[in-house]
Asker: 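One structure, pasted below without further comment.
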Amino acid sequence: GTDGARVPVELHTGVLWRHGGVSTIIVIGRDVSLEQALAEERAEREAALASNAAKTRFLSQMSHELRTPLNAVLGFTELMSMDVEEGQLDPEAMRTRLELVRQAGRHLLSMIDDVLDLSRIESGQLELRPVELCVEDVTDEAVAMVSGAAQRRRVTVGWDEAGPRQPVMADRTRLRQVLMNLLSNAVKYNREGGAVRLRASAQGGEVTLEVCDTGRGMVAEQLAQLFETFNRLGVPSTIEGTGIGLVIARSLIEGMGGRLSASSEPGSGSCFVVHLPCLLTRATEPSSAN
C-alpha cells in the first residue's frame with residue numbers, strides 16, 4: 001500500500017509481444033484486500049449463525065431431556081398429595097413412589113451436572129488438577145460405585161487388578177468420573193446377565209484402560225456418531241442418558257494429554273480404551289559399597 005503496509009494482490013501475467021527472440025511480458029496486479037475482507041466477514045457471519053443454531057438446538061434438546069424426570073417428580077408427588085388428602089396412606093405404595101421420585105431426582109441432577117461440565121469445557125473454564133497417580137488406584141473406586149447397578153442387572157464386572165502400576169499425571173476426580181461413565185454405560189447397555197471386563201496395561205509410553213462389554217454393539221454408522229452431543233444412537237428412551245457423557249469423557253481425557261478410542265461390532269459388544277501418557281519412573285541409585 002501507499003503507507004508501506006502489505007496488501008494481498010492477485011497477479012495476472014501474459015506475453016504482450018515477441019520480437020527477435022525477445023518477449024515482452026506484462027504483469028497486472030490487482031488489490032484484493034477488500035474481497036478478502038468481505039470473504040472473512042462472510043465466514044465469520046456464517047460461523048456465528050451456525051453457533052447460534054447449535055445453541056438453539058442444544059437448548060431445545062436439553063429442555064426436552066429435563067422435562068422427562070421433572071414430570072415424573074411432579075406426577076408422583078401429586079399422586080402422594082392426593083392420597084394424603086383422601087386418607088389412602090398405603091405405606092408400600094408410598095415407598096414405591098418415593099423411590100421413583102428419588103431416581104428421577106438423581107437422573108435430573110446428573111443431567112444438570114453434565115450440562116454444567118460441558119458448558120465449562122466449551123468455555124475453557126473447567127480446571128484440571130493433575131497429580132501423579134496409578135490408574136489402578138482410581139479403578140477400584142469406580143468399580144465400587146457401579147457395583148449396585150451391575151448387581152441389579154446381574155452383570156458381572158471383572159477387574160484385572162494385576163495391572164502395570166505405571167504412574168501417570170491425571171486429575172484423580174475427573175479420571176474417576178470418566179471411568180464411572182464408561183463402566184455405567186457398559187452395564188446399562190449390556191444384556192441382562194452379561195459381563196464387563198476392565199483391564200489396565202502399559203505399552204509404548206502409554207497406560208491404557210480398556211472397558212469392554214458383551215452388549216449389542218454398534219454398526220459403523222453409530223460408531224462414527226459416537227461423540228456427537230445429544231446423539232443417543234437410537235437407544236430406547238427407557239434407558240436413562242443424555243448423550244453428552246462420552247463427549248465430556250473424551251474432552252476430559254484429552255485435557256489430561258490422553259485420548260479416548262472405541263471399537264465395536266454388532267452383536268459382539270463394545271470396547272472403550274482410555275490412553276494416558278505414562279511418567280518415567282525414577283531410576284534407583286545404586287547404594288555405595290561399604
Side-chain angles (χ1 to χ4, degrees), residues 54-81 93-129 138-153 155 157 170-190 196 211 213 226-253 255-256 260 272 274:
K55 289 177 182 177
T56 300
R57 188 167 57 251
F58 174 90
L59 291 173
S60 174
Q61 292 171 316
M62 195 66 240
S63 62
H64 172 74
E65 294 290 344
L66 290 172
R67 280 195 187 100
T68 302
L70 188 55
N71 284 337
V73 170
L74 295 174
F76 285 118
T77 52
E78 185 175 344
L79 284 174
M80 287 188 288
S81 296
M94 285 290 185
R95 276 194 293 269
T96 300
R97 289 170 181 172
L98 284 172
E99 174 60 22
L100 292 172
V101 168
R102 186 185 68 83
Q103 291 178 9
R106 289 181 62 182
H107 180 44
L108 189 61
L109 180 60
S110 175
M111 283 195 294
I112 293 172
D113 286 342
D114 281 351
V115 171
L116 289 175
D117 275 348
L118 186 62
S119 176
R120 293 189 190 105
I121 288 170
E122 291 183 344
S123 63
Q125 295 179 343
L126 183 67
E127 293 185 10
L128 295 175
R129 297 177 175 84
V138 183
T139 49
D140 289 337
E141 300 171 8
V143 168
M145 290 181 178
V146 300
S147 60
Q151 288 174 5
R152 285 191 295 272
R153 298 211 63 212
V155 173
V157 179
D171 185 307
R172 186 187 187 99
T173 300
R174 295 301 182 175
L175 180 57
R176 182 175 62 234
Q177 177 182 344
V178 170
L179 289 178
M180 283 180 60
N181 177 270
L182 297 180
L183 288 168
S184 296
N185 286 347
V187 170
K188 186 165 50 177
Y189 302 124
N190 214 320
V196 175
V211 178
D213 63 61
L226 191 60
F227 295 102
E228 292 181 2
T229 307
F230 287 113
N231 191 337
R232 299 200 63 206
L233 308 177
V235 173
S237 58
T238 52
I239 301 178
E240 291 182 356
T242 59
I244 59 179
L246 284 176
V247 178
I248 294 172
R250 185 175 67 172
S251 297
L252 290 175
I253 292 300
M256 299 179 209
L260 177 61
F272 289 82
V274 174

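Bear in mind that the values here come from a model prediction, so they are computed numbers and not experimental data.
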Asker: Would you say the side-chain atoms of R153 pair up with the backbone N or O of N190, donor to acceptor, closer than 3.5 Å?
Answerer: yes
Asker: When you compare the side chain of N181 with that of F272, does any pair of heavy atoms fall below 4.5 Å?
Answerer: no
Asker: How long is the straight-line distance from CD of E141 back to CZ of R176, given to the nearest 0.5 Å?
Answerer: 5.0 Å
Asker: Atom CG of L98 and atom CE of M80: how far apart are they, to the nearest 0.5 Å?
Answerer: 4.5 Å
Asker: Looking at residues at least two apart in the chain, or sitting in another chain, which of them share a salt bridge (Lys or Arg N to Asp or Glu O under 4.0 Å) with E127?
Answerer: R129
Asker: Rounded at 0.5 Å granularity, tell me how far CD in Q177 sits from OG in S184.
Answerer: 10.5 Å
Asker: Working to the nearest 0.5 angstrom, can you tell me the gap between L260 CG and I248 CD1?
Answerer: 12.5 Å
Asker: What distance separates D113 CG from L108 CG, expressed to the nearest 0.5 Å?
Answerer: 10.0 Å
Asker: Can you name the residues that form a side-chain hydrogen bond (donor to acceptor under 3.5 Å, both in side chains) with D171, not counting sequence neighbours?
Answerer: none
Asker: According to side-chain hydrogen bond (donor to acceptor under 3.5 Å, both in side chains), who are the partners of R152, at least two apart in sequence or on a separate chain?
Answerer: none
Asker: Would you mind reporting whether L182 and L246 have side-chain heavy atoms less than 4.5 Å apart?
Answerer: yes
Asker: For E99, which residues count as a side-chain hydrogen bond (donor to acceptor under 3.5 Å, both in side chains) partner, sequence neighbours excluded?
Answerer: R102, Q103
Asker: How would you list, by chain and number, every residue that makes a side-chain hydrogen bond (donor to acceptor under 3.5 Å, both in side chains) with D213, sequence neighbours excluded?
Answerer: none
Asker: Going by the rule salt bridge (Lys or Arg N to Asp or Glu O under 4.0 Å), which residues pair with R120 if we only count those two or more places apart in sequence or in a different chain?
Answerer: D117
Asker: Begin from the C-alpha positions of V146 and V196 and carry the test side-chain contact (heavy atoms from CB on, under 4.5 Å) through to its verdict.
Answerer: CA-CA 11 Å; V146 300; V196 175; over 6 Å; no
Asker: Enter the distance from I253:CD1 to L175:CG here, rounded to the nearest 0.5 Å.
Answerer: 5.5 Å
